[in-house]
Structures are given as C-alpha cells and as structure tokens.
Asks: 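The structure is given below, and queries will be raised subsequently.
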Amino acid sequence: MDAARGSTGSADGAPRTVRHLLHATDPGLVRLVGAAHTVGAICLTLAVLGALGFATPFLVAAGSSALVWSMVLTGPREGEQAVTHALGLPAALLSATAAVLLAPYPTVSGAVFVALLFVTVYVRRYGPRGTALGMNAFQMYFVMQFVPLSADQLPRLWAALAVAFGCGALVRFVLLRTSPDRSFARLRRSVRACLGDVAEALAALAGGGAGAGRERSRAGRITPLRRRLRRLHTCALMLQDGVEECAVPPVAARVRTRMTETDVRAERLVVMLLRAGQQGDASAEDFAHHLHLPGPGPRAAGAAGGGDVLAARLRALPDTLARGATTARTDTAAFAESSQAPAAAPASARPGYGRTTDGPPPQSLRPPECPPAVADAHQALTDFEQAAAGLREAFRWSPGTRTDPAAQAQDPAPRRPDPVPEPGGLRRPTTRAAVQVACGAALATVGGQLISADHWYWAVLACWMVFFNTSSTGEIALKGSRRVAGTLVGALVALLVAAPLAGHPWTALVLTLVCVFGMAYTAALSYTAATFFITLMIALLSDLLGSYTDGLLLVRIAETAFGVLCGVVAAVVVLPRATGQRTDALLADALRALADAVTETARRLTSPAADPAPDGPVRAAHTADRRVEELARSLTPLVHPVAPHRTRRRTSLYVLGLLETCAYHARVLAVEAGRGAPGGWSRSPAGALLEERARTLAARLEDLAEGRPGGPPPPTGGGPRAWTPTPDEARVLMHVRRMDDDVRAVAEALPAGGAGRPGGEPV
C-alpha cells in the first residue's frame with residue numbers, strides 16, 4: 001500500500017499525520033468534504049453580499065440558506081444534484097415569502113408552520129430529492145421567524161437567496177467538485193490508511209514486555225484492534241457501494257471481490273492469532289465470536305513455540321504494506337534468522353495463494369518446532385499480505401474512463417434486486433412520521449408560546465428534529481435526550497463566550513463559521529456534539545444581530561426540552577411504533593439477507609447455470625452486511641449503557657454479535673465461491689452435501705425470520721464414506737456448519753415470539 005507507511009508513522013508509537021487520521025476515521029472524507037462545502041458556500045455568500053452592501057438580516061438569511069442547503073443536498077450523481085439544486089431556489093423563495101407575509105398573523109403563521117412540517121416529513125418518500133426540498137422549505141420558513149423582514153424588503157431577500165444558491169452551486173460543482181471518481185479515489189486512500197492502522201495494531205499486539213505483564217498488555221490491545229477492523233469493514237462496504245459508479249462491470253467485480261477478500265483475511269488473521277494464543281485444539285472459528293460478542297477477548301500468540309517468529313513478522317507488517325509488496329514473505333525460518341525478509345517467489349508460483357486452510361500450511365511456511373495453531377497463524381498472515389497486494393493490483397485502473405485494459409469483454413451490469421413495496425396508508429413510515437410530527441408540533445407551538453412568545457419556534461424545531469432519521473419510539477427518545485444534553489453544554493459554553501464578544505463582530509463571525517464547520521463535521525458522528533455547535537452558533541448569531549442576553553439561553557434550553565417532550569409524547573400516543581417492532585422487522589430482513597447470501601454461494605459452486613459474474617455471492621454478502629448494520633443502528637436505544645432493561649440489553653448485544661459473526665462467515669463463503677467458474681462442485685460429492693446444508697441453513701433462517709425459531713434439524717449426512725474433501729471443500733463446508741450453529745444460537749437467544757411475530761418481546 002503506497003500511502004500506508006508514509007501517513008501512519010512507525011509501529012512503535014510515532015505520531016501519525018493529520019491526513020492519515022482523517023482518512024482512517026472519516027472514510028472517503030465524507031464528513032470533511034461535506035463540512036467544507038457548507039463553510040465554503042457560507043463564506044462565499046457572505047463575501048458577495050457584503051461587497052454588494054446587503055444589511056445584516058439579509059446576510060443571516062442568505063447564510064442560513066447556504067448552510068441548510070449545503071447539508072441537505074445529496075444524491076448519487078452530480079446531474080441529479082444539479083437538478084435538485086435548480087429546484088431548491090423556487091422552494092426557498094416561496095417558503096421565505098410566505099413566512100414574511102404571514103408574520104403579522106401569528107395564528108395563521110403557526111398553522112402554516114405545522115402544515116409545512118407535515119409536508120416536509122411526508123415528501124421524504126420521494127428519496128433524497130424530496131427530503132432535500134422539504135427540509136429546505138421548512139428551514140427557510142424557520143429562519144425567517146428570527147430574521148424579521150417586512151414585505152417591502154422581499155425583493156432584496158429574493159436577491160440574497162439567489163446569490164446564496166448561486167454561490168452554493170459554484171462551490172459544490174466547480175470549486176470543491178465531488179464526482180464519483182474523486183469520492184472513490186478518497187475511499188481508496190481511506191482503505192490504505194485503515195489497512196495501515198490494522199497492521200500497526202497487529203504489530204502492537206505482538207510487542208510489549210515479557211511474562212504476565214506482556215499478556216496483560218496484549219489483552220488491552222484487543223479493543224483498539226477491534227475498532228480498527230470495524231473501520232476497515234466500513235471502508236470496504238462504502239467502497240463496494242461506490243465502485244459501480246466509476247468502473248465497468250468487470251473492474252467493479254474485481255475490486256469488490258478483492259476488497260471483500262482483504263477484509264476477510266484481516267479478520268481471519270486476528271482469529272488465528274487469538275487461537276494461537278490458547279492451549280488445546282479448538283477450531284479457529286470458535287474464536288471468530290470474540291471479535292463481535294461483547295467482553296474481552298483471549299490473548300494473542302505468545303513467544304513460545306514459534307510465536308517469536310510470528311511476532312517478528314507482525315512487527316514488520318506495516319513496512320510490508322507500505323512498500324506495496326506484490327508478494328508475501330514465505331520463508332519464515334530464514335526470517336527468524338534475519339531482520340530482513342528474504343526474496344519471495346512469485347505469488348502465482350506458491351501453493352495456497354490467497355487461501356487459508358484449517359490444516360497445516362506448506363512446510364516452507366512453518367518455522368522450526370512450530371505448533372499447528374501458530375503455523376496456521378503464519379499462513380493467515382501470508383494470506384493477508386497477498387490479499388492486500390491483490391487489492392493494490394485491482395486498484396490500478398483509471399477512474400473516470402470506465403475502461404479496463406485487462407477486460408476484453410464487458411459483462412452485463414449486475415442485476416439489482418427489485419425494491420420491496422412499502423405498506424400504504426398510515427402504515428407507511430413517512431406518513432406515520434408526518435402525522436406524529438404534525439401532532440407534536442401543534443402541541444409544541446401552543447406550549448412554546450407560553451414559554452416565550454418570541455422564540456416558540458425553537459420548541460417546534462426540537463420536536464421536528466427528533467423525528468429526523470428515526471423510526472421508533474426508542475430512537476426518538478434517545479435522540480431527544482442527546483439534543484437536550486448538547487443544548488445544555490452549548491448554553492454553558494455560550495455563557496462564557498458570547499457575552500465577552502459583544503462589540504467584536506468579526507471575531508464572532510469567525511467563531512460562528514467554526515461552529516458551522518463543527519456542526520457539519522460531527523452531524524453524522526455525534527448528534528450531541530452537533531447540537532452543542534448549533535446552540536453556540538445561535539448565541540453568536542444573536543450577538544451579531546444585537547439581541548443576545550443570558551436569558552435567551554435559558555429560553556433556548558426550556559424550549560428545546562419542551563419540544564423534545566412533545567415529540568416523545570407524540571411518538572408514544574399517535575400511531576406508535578415500539579422499538580421492538582422496528583428491530584423485529586430489521587432482524588427478519590437481516591436473516592433473509594443471510595439466507596440469500598448462503599443460497600447464492602451454494603448456487604455459484606454447484607450449478608453450472610449460475611450467474612457468470614464472479615462477484616454475485618460477494619454482492620449478496622454485501623447486502624447481508626448492510627442489513628445487519630441497519631439492525632445494529634435500530635438497536636442503539638436497547639444497547640445504550642443507560643438502557644433500563646439490562647437483560648434485554650445483554651440479549652440484544654449477544655444476538656447482534658452472533659449475526660455479525662454470521663455475516664463474517666457469509667463473506668468468507670462469498671470469497672471462496674468466486675474463485676472458480678460456476679458449478680465447480682457440480683460433479684463432486686461436496687456439491688450435494690453443500691446443497692443439502694445450504695438448503696437447511698436457508699430454511700432455518702427463513703423460519704426464524706417468520707417467527708418459527710425451531711427450524712429444521714441440523715443435517716446428519718456426511719456424504720459418501722469413501723470421500724475425502726479437499727481443503728477448499730472442507731473449509732467451505734466448515735463455514736456453513738459454523739454459520740448454522742450461530743443461527744441456532746440466535747434462535748435459542750431470542751425471546752418467545754421470535755423475529756417478525758407481532759406481540760413478541762422485542763429484542
């Protein structure tokens with residue numbers, strides 16, 4: 001990996017560069033680029049309007065418009081974003097004009113505000129464009145509540161908004177243009193940074209002192225290793241999502257497969273290290289759970305019995321990846337005698353290239369007197385190095401040309417699954433949320449007027465925001481608590497910052513832009529932090545408008561708390577959807593996606609008529625990963641440290657860990673299935689056995705998704721007595737069996753009712 005070493009520093013704790021940290025912690029620099037778009041649009045808008053002599057209220061209105069629009073404008077392609085951007089200006093003009101004209105009529109203005117909230121949530125069903133236009137219209141109406149303008153000032157307001165949208169377009173599509181090719185290039189750099197981080201964590205795991213202190217040190221390094229593996233996995237999923245926009249299908253398939261293989265090999269290496277550190281003959285897959293289930297994992301391989309050679313190889317791993325070596329070290333005996341790695345044979349000339357086996361590796365990979373578990377860890381390390389080299393080779397194509405010199409024929413684009421129809425009427429999620437928001441906003445409007453006749457809209461905004469990107473009562477309550485916490489902290493900081501800045505408008509303006517950047521950068525990371533920056537920004541804006549008082553912050557806290565309370569009440573009383581119902585539905589989706597992944601793998605290996613695209617199983621495993629991620633997000637209220645039901649929290653974490661382990665097995669199976677031509681097992685006894693086990697596993701997953709946790713009994717057939725499976729066949733069958741064991745453990749852990757059964761206790 002050409003960029004890994006230069007940006008990670010040494011494995012002995014040397015500080016890494018800011019660029020590396022940004023790429024590793026912000027995959028594809030999505031948050032950084034979004035924050036840059038927002039701040040750039042605001043700065044350019046304020047500069048142009050200031051040069052044209054616009055007054056402060058117009059600057060605030062236009063700057064707020066640029067802020068909101070830059071954050072909500074999304075879309076998979078630049079052309080779609082441009083169309084949405086063109087439609088955004090008329091929506092903003094209509095909303096702002098209505099707010100100004102209705103300002104003298106508070107009752108009518110409040111009713112329109114509530115109606116606009118309903119429309120804003122309702123149009124989310126039309127995808128990113130509907131969401132962006134709805135939020136834009138609502139936010140402009142909201143902004144005009146604290147930027148009072150008269151009807152005769154509307155022409156200048158229209159001009160200011162037009163300038164804001166023009167500056168936003170210039171920043172997004174010209175100055176800081178983000179095409180799919182550039183986004184994918186940033187994702188590649190993030191993958192390299194994450195690989196470097198994993199290598200450093202493995203090197204740190206191999207370091208330390210001796211004896212019990214060394215073991216304790218290693219045990220304390222499992223947690224950061226887990227975190228870095230998760231970052232690598234997140235990058236892998238995002239890269240697989242974005243590659244189709246930049247490359248022809250053959251290239252996209254190769255990159256997707258290589259990325260999945262590298263992700264799997266990294267996790268496999270850690271599994272083998274955990275196994276090598278234990279006594280006995282436990283299977284490697286027994287330790288796969290330790291990367292997903294809560295609690296500390298076992299220690300890694302010690303220095304005895306060949307572990308010192310393994311530790312030396314792990315400490316040299318960051319250098320290996322940084323040099324972008326196309327081959328991996330194989331002669332570990334020679335490596336133990338020298339601090340430099342020997343010259344390696346070509347990857348294609350070595351047995352077991354890109355594969356791991358449960359049996360002992362080739363003799364050239366085994367140090368003298370090396371236990372089988374440590375020898376397997378050596379093989380896993382070699383496989384990881386080779387997978388990273390293969391990913392580097394797959395990255396050697398030019399984004400934007402959508403051509404591949406190595407691809408002579410273009411395979412048809414992969415078939416996308418048909419969208420699942422949403423329920424109609426009040427059962428539709430957007431309709432239900434719109435009704436809930438309207439009811440909560442009506443209550444917040446009345447109560448907010450009693451708290452403050454001038455700032456009642458803060459209560460309405462808080463009520464609306466807790467419904468944004470939430471789908472259950474638990475999520476709404478958790479987001480509301482985070483908004484209140486962020487508001488409290490922001491108000492405390494504002495008391496120390498805003499008052500001393502009175503009479504210093506330029507300093508206040510700079511700090512306001514800093515708050516804008518912080519809000520945009522942390523919005524997807526921590527809602528509490530984003531709310532903190534919003535509260536501080538409001539105090540600074542009030543300073544600029546000359547309306548700041550300490551009492552204003554108390555009103556802000558009271559209105560926010562009341563608005564959150566109104567939102568939670570509406571979610572509980574009006575068309576409620578319990579967290580358990582939401583998690584049950586997503587659990588069923590995840591189980592069905594895992595069943596599809598197993599079925600796709602079996603079809604690829606056993607049927608000559610299977611899809612010729614080599615990444616079909618990889619795409620199915622990718623879908624399963626995304627479904628498990630959605631389930632994990634929905635479980636956040638139940639697994640939060642302050643969740644009141646401790647037993648339910650433990651059960652949720654356990655089930656989620658088992659499903660993540662199942663997703664790992666599905667990725668391994670997908671990589672193995674994509675190695676050869678379709679139907680490679682059709683004439684082997686392993687093919688019939690795989691079909692039987694995959695059919696049983698898929699049926700068990702479907703039964704569990706439908707609320708029938710019993711499922712079929714585990715298969716008992718072992719194939720013909722005279723048949724001995726090859727290492728590849730044994731490996732695939734072993735992962736299917738382990739996945740079946742995990743699914744049966746999920747069924748045992750679920751409470752009565754299971755997934756998808758109404759009335760069952762939520763997970």
Asks: Could you name each residue pair satisfying side-chain hydrogen bond (donor to acceptor under 3.5 Å, both in side chains) that touches residues 545-559, not counting sequence neighbours?
Replies: Tyr548-Asp550

Asks: Once side-chain hydrogen bond (donor to acceptor under 3.5 Å, both in side chains) is applied, do any residues pair with Arg592, and if so which ones, sequence neighbours excluded?
Replies: Glu706

Asks: Under 3.5 Å, sequence neighbours excluded: what are the donor-acceptor pairs made by side chains of residues 114-123?
Replies:
residue, atom, partner, partner atom, Å
Thr120, OG1, Leu116, O, 2.7
Thr120, OG1, Gly134, O, 3.2
Tyr122, OH, Arg125, NH1, 3.1
Tyr122, OH, Arg125, NH2, 3.3

Asks: Keeping the roles fixed (side chain from Ser65, backbone from Ala61), state whether a donor-acceptor pair exists under 3.5 Å.
Replies: no

Asks: Can you name the residues that form a side-chain hydrogen bond (donor to acceptor under 3.5 Å, both in side chains) with Gln81, not counting sequence neighbours?
Replies: Arg172

Asks: Whether the side chain of His85 engages the backbone of Phe165 through a donor-acceptor N/O pair (distance < 3.5 Å, no angle test) should be reported.
Replies: yes

Asks: For the residue pair Arg156 and Phe58, would you count it as a cation-pi contact if the rule is NZ or CZ under 6.0 angstrom from the ring centre and within 45 degrees of the ring axis?
Replies: yes

Asks: With the side chain counted from C-beta on, respond yes when Arg627 and Leu586 share a heavy-atom pair under 4.5 Å apart, and no when they do not.
Replies: no

Asks: For Phe138, what residues pass the ring pair (Phe, Tyr, Trp, His ring centres under 6.0 Å) criterion, not counting sequence neighbours?
Replies: Phe113, Trp464

Asks: Please list all pairs passing the side-chain hydrogen bond (donor to acceptor under 3.5 Å, both in side chains) test where one or both residues lie in residues 24-36, with sequence neighbours left out.
Replies: none

Asks: Under the salt bridge (Lys or Arg N to Asp or Glu O under 4.0 Å) rule, collect the residues that match up with Arg626, sequence neighbours excluded.
Replies: Asp241, Glu629

Asks: Show which side-chain atoms of residues 443-455 pair as donor or acceptor with protein atoms under 3.5 Å away, not counting sequence neighbours.
Replies:
residue, atom, partner, partner atom, Å
Thr445, OG1, Ala441, O, 2.7
Ser452, OG, Asp454, N, 3.4
Ser452, OG, His455, N, 3.2
His455, ND1, Tyr457, OH, 3.1

Asks: Any side-chain heavy atom of Leu587 within less than 4.5 Å of one from Leu659?
Replies: yes

Asks: Got Ser634 and Leu631 here, is their nearest side-chain heavy-atom distance under 4.5 Å?
Replies: yes

Asks: Could you give the side-chain donor-acceptor pairs of residues 88-100 under 3.5 Å, partners two or more places apart or in another chain?
Replies:
residue, atom, partner, partner atom, Å
Ser95, OG, Ala137, O, 2.4
Ser95, OG, Tyr141, N, 3.2
Thr97, OG1, Leu93, O, 2.7
Thr97, OG1, Trp158, NE1, 2.9

Asks: Applying side-chain hydrogen bond (donor to acceptor under 3.5 Å, both in side chains), can you list everything that pairs with Thr107, at least two apart in sequence or on another chain?
Replies: none

Asks: For Arg129, which residues count as a side-chain hydrogen bond (donor to acceptor under 3.5 Å, both in side chains) partner, sequence neighbours excluded?
Replies: Thr84

Asks: Taking ring pair (Phe, Tyr, Trp, His ring centres under 6.0 Å) as the test, write out the residues that go with Phe533, two or more places apart.
Replies: none

Asks: Can you confirm whether Arg483 sits close enough to Thr535 that some side-chain heavy atom of one is under 4.5 Å from a side-chain heavy atom of the other?
Replies: no

Asks: Does a side-chain heavy-atom distance below 4.5 Å link Gln581 with Pro576?
Replies: no

